Enquirer: 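Input: one structure, supplied below.
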Amino acid sequence: IYSYNNLIQLLLRCRCYDQAFSVAEKMAQSNCPPNIFTYNFMIVGLCKDRCFEKAYHIVADMEKRGCPPNSVTCSMMIQGLCRDNREEEAYEFLRQMVSKGLNPDVIAYSELINGLCKASKLCQARKILEEMIVRGCAPNVVTYSILLDGLYKGNRIHEADELLHFMVSQGCMPDVVTYTALIDCLCKVGNADRAFNVFEGMIEKGCIPNVVTYSTLVDGFLKIGNTKQACFLFQKMLDVGCMPNVVTYTSAIDGFCKAGEIGLASQALESLNQAGICPDVITYSTLIDFLCKMNRTDKAYHFFLQMIEQGHAPDVVTYTALIDGFRKVDDVDKVHTLLQAMVRSGCTPDVVTYNILVDMLCKTNRIQQAYEIVQDMSTRGHFPDVITYSTLIDSLCKMYRTDEARDLFLQMMEQGHDPD
RNA sequence: CCGAGAAGGGUGCGAU
C-alpha cells in the first residue's frame with residue numbers, strides 16, 4: 001500500500017491524473033485496496049487543478065467502497081473550493097459531511113473560516129465560528145488568528161479586540177502569528193509606533209518574533225518614512241539571529257527607494273545578493289518601478305530583460321510598472337510593444353494597466369479613445385474603478401467639459417463607487 | 001504515508 005500510495009502521489013504531482021486513476025483502479029481490483037490516504041492524495045491533487053467534479057466523484061466513491069471520507073478529506077475539499085472562490089459550495093460540502101455523520105475537525109472549520117475571511121465575508125465567517133462551538137469543536141489559536149486577521153484587514157478593529165479578549169478568556173493564548181497580524185494591522189493604518197509597542201509586549205510575554213514579524217515592522221516604519229527605526233529593526237533582527245529573507249530585503253529596498261535613500265537601497269540590494277538570496281518577481285518589479293519613476297526606463301528595461309534571463313516570469317505588475325514608465329517619457333511605441341508582449345506571455349492587463357492607458361489618452365487629448373478603452377475593459381471583465389473615473393473627470397474638467405464630468409461622477413456613484 | 005493562520009511591488013487628483 002505504501003508503494004502504491006507513493007506512486008499515486010508522484011503521478012499526481014506530474015498531473016498524470018489518468019495514470020493515477022488507473023493505478024487506483026488496479027488497487028481496487030487487487031488484494032491491496034486503496035485506503036483513506038490513497039483517496040486523500042487524489043483529492044488534494046484534483047483540487048489543486050480545480051477538478052472538483054472528479055474530486056466529488058471520488059468522495060462519493062469512497063462512501064460506496066466502504067472507506068468513508070474523514071476530516072482530512074473534508075478540509076482539503078473546503079480548501080480547494082475556497083481557493084477557487086467557491087465558499088458557498090465549501091460550506092454546503094461541510095454541511096453535507098455533517099449530515100452524513102462526519103464531524104469536521106478544527107482544521108476543516110478553520111479552512112472554511114479562512115476562505116470566507118479572504119473573500120471579505122466576515123459575518124459569515126463569524127457564524128461558522130459559532131457553529132463549530134455549538135457542534136462541540138473548540139476553535140484553536142489558528143482559528144482565532146484567521147478571524148482576527150480578517151477583521152483587522154476589514155478595519156473592524158473593535159470587533160477584533162473583543163474577539164481577542166474572548167479567545168484569551170477561553171484559555172487560548174495568542175502566538176507569534178496572532179501578534180504579527182495585529183502588528184501588520186497597526187502598520188497598515190500608519191501607526192508603526194503602536195505596532196512597535198505590541199512587538200515589545202509580545203517579547204515580554206515570552207513570544208519570540210520571527211522573520212515575518214520583523215519584516216512587517218520594517219515595512220511599517222518605512223511606509224511612514226521612519227528610515228531610522230526601520231534600520232534599527234533590521235539590525236536588531238540580525239543581532240538576535242533572525243535572518244532577513246527576500247521579503248524583508250524587498251520591503252527595505254522599496255522603502256529606501258521611496259524615501260530617496262538610494263545609498264541604503266543599494267546597500268540592501270547588495271546584502272541580498274551577498275546573503276545568496278534570489279531576488280524574486282516582486283524584487284525585480286520594485287527595482288523596475290523605482291527606475292521608471294526616475295525616468296531611467298533604459299535601466300528598468302535592462303532589469304526586465306535580466307529577470308527573464310534569470311528565469312523569473314514578469315507578471316502584470318512588472319509589465320504595468322514598465323508601461324507606466326515608458327508612457328511618462330512619451331515612448332508610445334514601447335508602450336504598445338510591451339502591451340503586446342504582455343498579452344503574448346499570457347499576462348492579462350488588469351484595471352491598473354487600463355487606467356494607465358486611459359490616463360495616457362486623456363493627457364494627449366484623446367478622450368474619445370479613452371472612453372473606448374473603458375468600454376473595452378468592461379467587456380473583458382475589468383470594471384472601471386474610482387481611479388478610472390477620476391482620471392476621466394479630471395481631464396474633462398481641465399477641458400471645461402464639466403457637464404460630461406458631472407455625468408461621469410453620477411455614473412460612478414450609480415456603480416457603487418464612493419468618491420474619494 | 002495526507003489537511004489550516006501573519007509580512008514585500010504597479011495607476012488618477014492636489015498649493016505657489
Side-chain angles (χ1 to χ4, degrees), chain A residues 1-2 5-6 9 35-44 47 70-80 105-115 117 140-150 152-153 175-185 187 210-220 222-223 245-255 280-290 292-293 315-325 327 350-360 362-363 385-395 397-398 420:
Chain A
I1 185 85
Y2 295 118
N5 282 352
N6 282 334
Q9 205 177 13
N35 63 8
I36 184 73
F37 295 104
T38 323
Y39 288 119
N40 285 348
F41 279 139
M42 306 212 31
I43 286 173
V44 83
C47 283
N70 62 9
S71 44
V72 177
T73 325
C74 185
S75 62
M76 288 188 311
M77 283 296 294
I78 291 173
Q79 174 180 246
D105 63 9
V106 58
I107 298 187
Y109 281 109
S110 303
E111 289 273 22
L112 181 55
I113 292 175
N114 189 38
C117 283
N140 62 17
V141 61
V142 176
T143 325
Y144 285 114
S145 302
I146 291 169
L147 245 179
L148 284 169
D149 183 58
Y152 291 141
K153 290 194 165 60
D175 67 7
V176 57
V177 176
T178 327
Y179 279 114
T180 305
L182 172 57
I183 288 172
D184 184 54
C185 167
C187 286
N210 62 19
V211 58
V212 180
T213 321
Y214 281 103
S215 306
T216 307
L217 278 165
V218 166
D219 188 64
L222 284 171
K223 288 255 180 337
N245 62 16
V246 63
V247 176
T248 329
Y249 280 111
T250 303
S251 184
I253 292 169
D254 183 56
D280 64 12
V281 54
I282 299 189
T283 320
Y284 278 108
S285 303
T286 303
L287 293 168
I288 288 171
D289 177 57
F290 170 68
C292 283
K293 292 212 163 43
D315 66 10
V316 56
V317 177
T318 325
Y319 277 108
T320 304
L322 254 186
I323 288 173
D324 189 51
R327 68 104 179 192
D350 67 7
V351 60
V352 178
T353 324
Y354 283 111
N355 285 345
I356 289 167
L357 299 178
V358 168
D359 190 52
M360 187 174 88
C362 284
K363 290 211 165 56
D385 63 7
V386 61
I387 295 190
T388 324
Y389 282 108
S390 305
T391 307
L392 288 164
I393 289 171
D394 174 60
S395 163
C397 285
K398 286 186 173 134
D420 64 3

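Everything numeric in this text was worked out from a predicted model, so none of it was measured. Computed from heavy atoms alone, side chains included, the values below leave out hydrogens, waters and symmetry copies.
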Enquirer: Which parts of nucleotides 9-16 of chain B does protein reach within less than 4.0 Å, heavy atoms only, written one letter per nucleotide 5' to 3' as B for base, S for sugar-phosphate only and - for none?
Expert: BBBBSS--
Enquirer: I would like to know whether A:Ile288 and A:Cys292 meet side chain to side chain contact (heavy atoms under 4.5 Å, CB included); could you show each step before the answer?
Expert: CA-CA 6 Å; A:Ile288 288 171; A:Cys292 283; 4.2 Å; yes
Enquirer: Please tell me whether A:Thr286 and A:Asp254 have a donor and an acceptor in their side chains that are separated by less than 3.5 angstrom.
Expert: no
Enquirer: Check the distance between B:A4's P and A:Met77's CE and give it to me in whole angstrom.
Expert: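 Taking CE of A:Met77 and P of B:A4, I get 16 Å after rounding.
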Enquirer: Take A:Ser145 and A:Thr178 through the test side chain to side chain donor-acceptor pair (under 3.5 Å) and record every step on the way to the result.
Expert: CA-CA 5 Å; A:Ser145 302; A:Thr178 327; 2.9 Å; yes
Enquirer: Any donor-acceptor pair, under 3.5 Å, between the side chain of A:Asn40 and the base of B:G3, if you only look at N and O atoms?
Expert: no
Enquirer: Distance-only, no hydrogens or angles: does the A:Asp350 side chain make a donor-acceptor pair with backbone N or O of A:Thr353 under 3.5 Å?
Expert: yes
Enquirer: B:A4, B:A7, B:A6: which one has an atom nearest the side-chain heavy atoms of A:Thr216?
Expert: B:A7
Enquirer: It should be established whether A:Lys153 places a side-chain nitrogen or oxygen under 4.0 Å from OP1 or OP2 of nucleotide B:G5.
Expert: no
Enquirer: Please work out if A:Val218 contacts a base, only the sugar-phosphate, or nothing of the nucleic acid, heavy-atom cut-off 4.0 Å.
Expert: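 A:Val218: no heavy atom of the nucleic acid under 4.0 Å.
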Enquirer: Rounded to whole angstrom units, what separation is found between the OH atom of A:Tyr179 and the P atom of B:A7?
Expert: 18 Å
Enquirer: In this structure, how many angstroms lie between the P atom of B:A7 and the CG atom of A:Leu148, rounded?
Expert: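 Answer to the nearest Å: 13 Å.
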Enquirer: Applying a 4.0 Å non-hydrogen cut-off, can you work out what A:Val142 is touching in the nucleic acid: base, sugar-phosphate, or nothing?
Expert: base
Enquirer: How would you list, by chain and number, every residue that makes a salt bridge (Lys or Arg N to Asp or Glu O under 4.0 Å) with A:Asp324, sequence neighbours excluded?
Expert: A:Arg327, A:Lys328
Enquirer: Indicate whether the side chain of A:Thr38 and that of A:Asn5 have a donor and an acceptor atom separated by less than 3.5 Å.
Expert: yes
Enquirer: Using a heavy-atom cut-off of 4.0 Å across all strands, would you classify A:Val246 as base, sugar-phosphate, or nothing?
Expert: base
Enquirer: Separation of A:Leu182 atom CG from B:G5 atom C1', in whole Å?
Expert: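 Those two atoms, CG and C1', are 15 Å apart.
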Enquirer: Expressed in angstrom and rounded to an integer, what is the separation of A:Asp149 atom CG from B:A4 atom P?
Expert: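 Atom CG in A:Asp149 sits about 17 Å away from atom P in B:A4.
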Enquirer: Are A:Asp280 and A:Thr283 close enough, and set up right, to give a side chain to side chain donor-acceptor pair (under 3.5 Å), and what steps lead you there?
Expert: CA-CA 5 Å; A:Asp280 64 12; A:Thr283 320; 2.9 Å; yes
Enquirer: May I have the distance from A:Asp175 (atom CG) to B:A4 (atom P), rounded to whole angstrom?
Expert: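 Rounding to the nearest Å, CG of A:Asp175 and P of B:A4 are 15 Å apart.
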Enquirer: Which part of the nucleic acid, if any, lies within reach of A:Ser71 when heavy atoms closer than 4.0 Å are counted: base, sugar-phosphate only, or nothing?
Expert: base
Enquirer: Any N or O donor-acceptor pair linking the side chain of A:Asn5 to the base of B:C1 at under 3.5 Å?
Expert: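 In this structure, the two groups form a donor-acceptor pair.
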Enquirer: When all nucleic acid strands are considered with a 4.0 Å heavy-atom cut-off, which category describes A:Ala108: base, sugar-phosphate, or nothing?
Expert: base
Enquirer: To the nearest Å, give me how far apart CD1 (A:Ile43) and P (B:C1) are.
Expert: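 The distance from CD1 of A:Ile43 to P of B:C1 comes to 20 Å, rounded to the nearest Å.
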Enquirer: Report the distance from atom OG1 of A:Thr320 to atom CG of A:Asn355, rounding to the nearest 0.5 Å.
Expert: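 Between A:Thr320 OG1 and A:Asn355 CG, I get 10.0 Å after rounding to 0.5 Å.
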Enquirer: Which part of the nucleic acid does A:Ile146 contact within heavy-atom distance under 4.0 Å: base, sugar-phosphate only, or nothing?
Expert: sugar-phosphate
Enquirer: Between atom OH in A:Tyr109 and atom P in B:G5, what is the gap in whole Å?
Expert: 19 Å
